[in-house]
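Numbers here simply count residues along the sequence, with the first being 1. Treat the numbers as computed from the prediction; the structure is a model and nothing was measured. Atoms within a ligand are numbered from 1 in the order they appear, just like the ligands themselves.
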Amino acid sequence: MVAKRVGILTAGGDAPGLNAVIRGFGKTAITHYGMELIGFRDGITGLVENRYIDLDASSLSGILTRGGTFLGTSRDKVNKYMVNGESKNMVPTVKENLEKLGINALVMLGGGGTAKNAKQLMDAGVNVILLPKTIDNDIWGTDTSFGFATAMEIATEAIDRLHSTAHSHHRIILAEIMGHRAGWLSLGAGIAGGADIILIPEIPYTVESVTATIKSRIARGSTFSVIAVAEGARDTTDTADTEAANLLVKTASTPEAVRAAKTHLANVEDSQREHTFKLARELEAATGLETRVSILGYVQRGGTPSAEDRLLATRLGSATADHVAAGEFGILCAARGQDTEPVPLEEVAGKSKLVPTDHHWIETARKIGTGLGD
Ligand code: F6P
């Protein structure tokens, strides 16, 4: 079945390259295959509320270099959609909306959360293709995701710039880097930026180990240190507390016990949100060096995509149009080396790609003397 009318949407956190993917897909679908393209506003919300715009070749002009997503995005869940404070399954509504519009294929640009939405819709019979979007690079089944390369450039430049103030003031500077529960962005930017220590969620750290690395630098005459801290990095104590709270959720036997365990887990995770500032205080006390924190935050998601992300986005978008034309659905159009590869959504949804502790990037960091907090 060759899809004639295709819907496209962007969901989850924004990332550089989203518009480049829409352009790569749209140009191939419209110009090469003669398809019609409809863009849904604000991710799942627009799909549920039937808010969309018709897209043609002129819609795609000038968007390659634009940051964010011109369609808008949201983090709504299609099967747990909040309506007046109540959670509702809107999959049937979405199916009906798509059928009424004559749309017979839906392309979703998103990350882990969107993979779950895509699977829900696929299981309901919607022809879905997912494209891997996130600065975190934590999507299972794909070598990388668009947004990651640009965010790594941004975080690396920030680390470069933080070196200036660190050595000028003989300070420890902690740069907190995004990545959700994965350490890819901190590890990559930390190596590229020459961070002296890199702390990632996959390797729980001890203040003692971080202090020892700083003190060995001082002994060698380097009276400053720059530390790349993943927003999900935690010390061994906090890690153990979170693991215990997660176990309570897993083993809770009644709905009330599950609710109580989930509330406890949320409180534990909330109490750890300021972990970078807590580490800064501990390091200042342990080393005697002034310590400062820079939270890189949303600048890592903003602005024009890098050339690497534009190329990746265009390749993935165009390959997705080929899959639509061939009637191949229920897949992630994954990046694989210099090419792309369709991966069944069943293998992707509900999983995260974390940094393996024996990954060659970790071995490289260790061999060049970077402290990893363990
Ligand atoms: O998934 C991308 C990301 O930027 C994560 O790195 C970060 O933890 C999260 O989104 C922030 O979510 P929000 O945009 O909802 O604040």
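Within the set His180, Arg75, Glu231, Met178, the minimum heavy-atom distance to atom 12 (O) of ligand 1 is found for Arg75.
Residue Glu256 qualifies as enclosed at atom CD: its count of foreign heavy atoms under 6.0 Å is above 12.
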Apply side-chain hydrogen bond (donor to acceptor under 3.5 Å, both in side chains) to the pair Ser209 and Asp374, showing each step before the final yes or no.
-> CA-CA 6 Å; Ser209 169; Asp374 58 352; 5.1 Å; no

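Protein heavy atom closest to atom 16 (O) of ligand 1, with residue, atom name and distance, is Tyr298 OH, 2.4 Å. Among all non-hydrogen protein atoms, the one lying nearest atom 2 (C) of ligand 1 is Asp136 OD2, 3.4 Å. The nearest heavy-atom contact from the protein to atom 11 (C) of ligand 1 is Arg301 NH1, 3.7 Å.
The distance from the CD atom of Glu86 to the NZ atom of Lys80 is 15.5 Å, given to the nearest 0.5 Å.
Close contacts between ligand 1 and Gly179 involve ligand atoms 6 (O) [criterion: under 4.0 Å to a heavy atom].
For Asp339, the salt bridge (Lys or Arg N to Asp or Glu O under 4.0 Å) criterion is met by no residue, not counting sequence neighbours.
Other members of the hydrophobic cluster containing Leu174, listed by chain and number, are Ile172, Ile197, Leu199, Tyr205, Val207, Val210, Ile214, Ile218, Ile227, Val229, Phe277, Leu279, Leu283, Leu289, Val293, Ile295; membership follows side-chain contacts under 4.5 Å among ILVMFWY residues, whether direct or relayed.
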